[in-house]
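I have placed the structure first, in the form of structure tokens, so that the comments after it can refer back to it.
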Amino acid sequence: MSQTRKIASCLTAVLLMCCIIQGEMLWLEDLLREQALPEQNDRYGFDVYLDTMELVWGELVWFPVPESDCNENATTAFENTWMAERTYGGKRNHEGTDLMASVDEAGYYPVVSMTDGVVEQVGWLEKGGWRIGVRSLKGNYYYYAHLDSYAREWEPGDPIQAGDILGYMGDSGYGPEGTTGQFPVHLHVGIYVPLGADQEMAVNPYWMLRYLEQKKLTCSY
């Protein structure tokens, strides 16, 4: 392929990505209007929401799974499964993105924080297994689930820097504490933004993760 055609292909891909992201934002705008509280049902509340989304994009630093400098076959893959149906514990929608491991070995892949923040939640959840939730400095919540183990004994309030190893990818969850093996090894990433008093709204991490694919740390594993 000639250099000119390569450049044209790259520009086409970028344009397509921009169009898809714009479509995603329009979908989020409609969702916000549906979920808005009465006191938020005005242009001011909507502008606050758009500002919040910009803050999410602005605070993202690293892809949550580093590259391996030891095993070129240790990769991850993910698809846009936003709002896909899940049935464990009753029918529900998938509020996140799953990063699937090519090496199906619990505890193999490190998981790092995408942002600065503080630990807000840590420990077992029936649906999420061993999970950790990081509240960013700008108030957004980043949820990492189905871990095999933690990098250290995290406590709520512990400071986090983008790139800190939180734990290791696993297959925990879908049962009482300690349940594993109910699905392949993967990392569930969820992102939640504030929505009024004591409420939050899940947003689709897929395009943010696509963006962060170009921003990976390298680790020895």
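FYI, side chains are in, hydrogens and waters are out, and symmetry mates aren't considered; it's all heavy atoms of this structure.
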*Between Q182 and D171, is a side chain to side chain contact (heavy atoms under 4.5 Å, CB included) present by the stated rule, with each step listed?*
CA-CA 7 Å; Q182 300 301 303; D171 56 358; over 6 Å; no
*Before giving the answer on side chain to side chain contact (heavy atoms under 4.5 Å, CB included), spell out for V56 and Y142 the whole-Å C-alpha distance, their side-chain angles and the decisive distance to 0.1 Å.*
CA-CA 10 Å; V56 173; Y142 295 83; 3.5 Å; yes
_Is there a side chain to side chain contact (heavy atoms under 4.5 Å, CB included) between K91 and E85? Walk through the geometry before answering._
CA-CA 7 Å; K91 287 187 178 181; E85 184 179 287; 3.9 Å; yes
*Show your working on side-chain hydrogen bond (donor to acceptor under 3.5 Å, both in side chains) between E59 and S136 and close with a plain yes or no.*
CA-CA 8 Å; E59 66 191 5; S136 75; 3.0 Å; yes
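Counted within 6.0 Å of CD on E177, heavy atoms from surrounding residues, nucleotides or ligands total more than 12; the atom is thus considered enclosed. A 6.0 Å sphere centred on CD of E213 holds more than 12 heavy atoms belonging to other residues, nucleotides or ligands.
From H186, atom NE2 reaches atom CG of D104 across 11.0 Å, with rounding to the nearest 0.5 Å. Here I160 contributes atom CD1 and E120 contributes atom CD; the two are 12.5 Å apart, rounded to the nearest 0.5 Å. We find the CH2-CH2 distance between W57 and W207 to be 9.0 Å, quoted to the nearest 0.5 Å. Taken to the nearest 0.5 Å, the OG1 atom of T115 stands 10.5 Å off from the CZ atom of R135. With rounding to the nearest 0.5 angstrom, the CG atom of L55 is 11.5 Å from the CG atom of L137. Taking CZ of F78 as the reference point, atom OG1 of T97 lies at 7.5 Å (rounded to 0.5 Å).
Considering all non-hydrogen atoms of both residues, N73 and S102 come closest at O-OG, 2.6 Å. Residue L217 comes nearest to G163 through the heavy atom pair CD1-CA, 3.6 Å, listed as atom of the first residue, atom of the second, then distance. Residues G117 and V134 come closest through the heavy atom pair CA-CG1, 4.0 Å.
Using a 4.5 Å heavy-atom cutoff, the side chains of I132 and V119 are in contact. In this structure, the side chains of E126 and Y88 come closer than 4.5 Å at one or more pairs of heavy atoms. Side chains of Y141 and Q121 form a contact here, defined as non-hydrogen atoms less than 4.5 Å apart. Y206 places none of its side-chain heavy atoms less than 4.5 Å from the side chain of T81. Between S113 and Y144, the closest side-chain pair of non-hydrogen atoms falls below 4.5 Å. Residues Q199 and P194 form no side-chain contact, since every pair of their non-hydrogen atoms from C-beta on lies 4.5 Å or further apart. The closest side-chain heavy-atom distance from L99 to F63 is below 4.5 Å. Residues L166 and Y150 fail the side-chain proximity criterion, which asks for heavy atoms closer than 4.5 Å.
The aromatic rings of Y221 and Y109 sit tilted, their planes meeting at an angle between 30° and 60°.
V189 is connected to V203 through a chain of hydrophobic side-chain contacts under 4.5 Å among Ile, Leu, Val, Met, Phe, Trp and Tyr, so both are in one cluster. In the hydrophobic clustering of ILVMFWY residues, with side-chain heavy atoms under 4.5 Å counting as a link, L187 and Y174 come out apart.
Defined by atom type and a distance below 3.5 Å, a donor-acceptor pair is present between the side-chain atoms of Y192 and E95. A donor and an acceptor atom, one from each side chain of S172 and H146, are nowhere located under 3.5 Å apart. With hydrogens and angles left out, the side-chain atoms of S220 and D69 include a donor and acceptor closer than 3.5 Å. Between the side chains of Y108 and N71, at least one donor-acceptor pair of N or O atoms lies under 3.5 Å.
Between R86 and D98, at least one side-chain N (NZ, or NE/NH1/NH2) sits under 4.0 Å from a carboxylate O, which counts as a salt bridge.
Remark: the backbone N or O of Y168 is not paired with any side-chain donor or acceptor of D148 at under 3.5 angstrom.
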